[in-house]
Chemist: 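Let me give you the structure first, and then I'll get to my questions.
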Amino acid sequence: MIKKILILDKNHPFIIHKLKKKGFICDENYDDTTDQMNLSAYDGIILRSRLKIDKKFIEKAKNLKFIARIGSGTENIDKDHVIKKGITLISSPEGNKDAVAEHAIGMLLCMMNHIIHSHQQIITGKWNRETNRGIEIMGKTIGIIGYGNTGKAFAKKLSGFDVKILCYDILPEVGDFYAKQVNMNTIFKKSDVISLHVPYTKRTKGMINYDFIKKFYKPFYLINTSRGGCLITSHLENALKNGKIYGACLDVLEYENFSSSNIFLNQKFHKSFLYLIHSNKVLFTPHIAGWTKESKFKMDKKIVEKIIFLNQKFHKT
């Protein structure tokens, strides 16, 4: 039975209101470190990214039944030790899938039609029509790598653009009406645009590297709204310079930490990142693809639903 829950990050007030209404005791702690908290007093915790849930944290939380991570990524959590201790790990990728999908399409449209670049020129008194001639999405082949919640939402929203959509995933038979599941060689051969929708794991760390990029049969546009560590920045620089990649839309960066804090604070950057910043072939946003007003509520609502369902399971057993 779940009774006491510790909330470690500020979230939508709906979470506390709904959980208290269901009879849970909810404590909030947005400042203390792991050493300062009495974690053994709680049956569950809810967080985003403020703290790293490592072996030390888990050992202190002796009565923990669940960890709820609001959002999709769980790289700040030692999942192996969580499983070993029999703790249930839940997240809410369903809550921000539409936000991520819309953001990815928005970035792609801006990139292919030079929207940001031409706007910046106009406000400095330049009127360059021919150099800003765009490219249509219609008729292109979109390759989606990782066909889970966000990948599926991206494909569904793209379906109105009259494009061919292919997907690759390590799980079998996840393709649907919107995307045909294929092997990676087909992705390499056919794609005009690649959109990354994978979790950050040992397998996906640095997966977008020079060896990966050179396998493509033709130059392509790259979108990364998953995790920055999946892409090696210096390899992207080389691909942009040699024309293997036409342009990159990056909502996430290799230099972020798990809390997605300001990367410009007390950090020296590799020259490759400085190249990207000054390139008109790269479009950046500060890890906000899933960060809409609507998704904030939907992610929190989904977490509450999963906690209530989990407690019902415990109650039955």
Chemist: For a quick check under 3.5 Å, do Q121 and N132 share a side-chain donor-acceptor pair by atom type?
Modeler: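 Note: Q121 and N132 side chains meet the donor-acceptor criterion.
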Chemist: So do M207 and L196 actually touch side chain to side chain, heavy atoms under 4.5 Å?
Modeler: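 The answer is yes; the side chains approach within 4.5 Å.
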Chemist: State yes or no: are the ring centers of F188 and F212 separated by less than 6.0 Å?
Modeler: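 F188 vs F212: aromatic centres under 6.0 Å.
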Chemist: Please check if the side chain of S191 supplies one atom and the backbone of I194 the other of a donor-acceptor pair under 3.5 Å.
Modeler: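 Checked: no pair found.
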Chemist: Hey, are S49 and R69 close enough side-chain-wise for a donor-acceptor pair under 3.5 Å?
Modeler: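 Yes, S49 and R69 have a side-chain donor paired with an acceptor closer than 3.5 Å.
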Chemist: Would you call K306 and E94 a salt bridge, using N to O less than 4.0 angstrom?
Modeler: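 The answer is yes: the pair qualifies as a salt bridge.
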Chemist: Are the side chain of K157 and the backbone N or O of K152 linked by a donor-acceptor pair below 3.5 Å?
Modeler: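 Here the side-chain-to-backbone pair does not exist.
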Chemist: Tell me, do K62 and L39 make a side-chain contact under 4.5 Å, heavy atoms counted?
Modeler: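 They are not in side-chain contact.
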Chemist: Does a side-chain heavy-atom distance below 4.5 Å link L274 with L276?
Modeler: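 No, every pair of side-chain atoms sits at 4.5 Å or beyond.
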Chemist: Could you tell me whether the side chain of T131 reaches within less than 4.5 Å of the side chain of H114, counting heavy atoms only?
Modeler: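 No, every pair of side-chain atoms sits at 4.5 Å or beyond.
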Chemist: For the pair Q181 (side chain) and C167 (backbone), establish whether a donor and an acceptor sit closer than 3.5 Å, ignoring hydrogens and angles.
Modeler: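 No.
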Chemist: Could you tell me if H287 and T285 have a donor-acceptor pair between their side chains, going purely by distance under 3.5 Å?
Modeler: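 No - no donor-acceptor pair under 3.5 Å links their side chains.
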Chemist: Does any non-hydrogen side-chain atom of I90 lie less than 4.5 Å from one of T88?
Modeler: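 A side-chain contact under 4.5 Å exists here.
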Chemist: Quick check: does any side chain N or O of K215 sit under 3.5 Å from a backbone N or O of N185, one acting as donor and the other as acceptor?
Modeler: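 It does not hold such a pair.
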Chemist: What are the two closest heavy atoms between S72 and S91, and how far apart are they?
Modeler: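 Shortest heavy-atom contact: O-OG, 4.1 Å.
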Chemist: If only atom types and distance count, is the side chain of D192 paired as donor or acceptor with the main-chain N or O of K140 below 3.5 Å?
Modeler: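 No, D192 side chain to K140 backbone: no donor-acceptor pair under 3.5 Å.
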Chemist: Side-chain donor-acceptor pair under 3.5 Å between H270 and E254, yes or no?
Modeler: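 Checked: H270/E254 side chains show no N/O donor-acceptor pair below 3.5 Å.
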Chemist: Do S295 side-chain atoms and G290 backbone N/O form a donor-acceptor pair below 3.5 Å?
Modeler: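 Such a contact is found between S295 side chain and G290 backbone.
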Chemist: Yes or no on side chain to side chain donor-acceptor pair (under 3.5 Å) for H197 and S195, after CA distance, side-chain angles and deciding distance?
Modeler: CA-CA 7 Å; H197 296 273; S195 190; 2.7 Å; yes
Chemist: Would you say the side-chain atoms of S226 and N224 include a donor-acceptor pair closer than 3.5 Å?
Modeler: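 A donor-acceptor contact under 3.5 Å links the two side chains.
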Chemist: I need the minimum non-hydrogen distance between F57 and L51, along with the two atoms involved.
Modeler: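 So the minimum-distance heavy-atom pair works out to CE1-CD1, 4.2 Å.
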Chemist: Is the backbone N or O of K97 less than 3.5 Å from a side-chain atom of N149, with the two atoms forming a donor-acceptor pair by type?
Modeler: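 Not confirmed, N149 side chain does not pair with K97 backbone.
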Chemist: How far apart are the closest heavy atoms of I122 and W127, and which atoms are they?
Modeler: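 Taking I122 first and W127 second, the nearest heavy atoms are CD1-CZ3, 4.1 Å.
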Chemist: Taking the side chain as everything from C-beta on, heavy atoms only, tell me whether L108 gets closer than 4.5 Å to Y221.
Modeler: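 Heavy-atom side-chain distance check passes, below 4.5 Å.
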Chemist: Could you pull out the closest heavy-atom pair between E256 and V252, with the gap in Å?
Modeler: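 Answer, listing the atom of E256 first, then V252: OE2-CA, 3.1 Å.
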Chemist: Can you check whether Y255 and F273 have ring centres sitting under 6.0 Å from each other?
Modeler: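 Centroid distance Y255-F273: below 6.0 Å, so yes.
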Chemist: Would a distance-only check, ignoring hydrogens and angles, find a side-chain to backbone donor-acceptor pair under 3.5 Å from D162 to M138?
Modeler: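 A pair under 3.5 Å: no.
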Chemist: Minimum heavy-atom separation for L283 to M111, with atom names?
Modeler: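 Closest approach of L283 to M111: N-CE, 3.6 Å.
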Chemist: So does T34 get a backbone contact from the side chain of K60, meaning a donor-acceptor N/O pair under 3.5 Å?
Modeler: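 Yes: the side chain of K60 pairs with the backbone of T34.
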Chemist: Does a side chain donor of either Y147 or D176 reach within less than 3.5 Å of an acceptor in the other side chain?
Modeler: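 A pair is found: one side chain offers a donor N or O, the other an acceptor, under 3.5 Å apart.
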Chemist: Do any N or O atoms from the side chain of N76 and from the backbone of R48 form a donor-acceptor pair under 3.5 angstrom?
Modeler: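 Pair found, side chain donor or acceptor close to backbone of R48.
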Chemist: Which atoms form the tightest heavy-atom contact between C26 and I16, and what is the distance?
Modeler: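 So the minimum-distance heavy-atom pair works out to CB-CG2, 4.4 Å.
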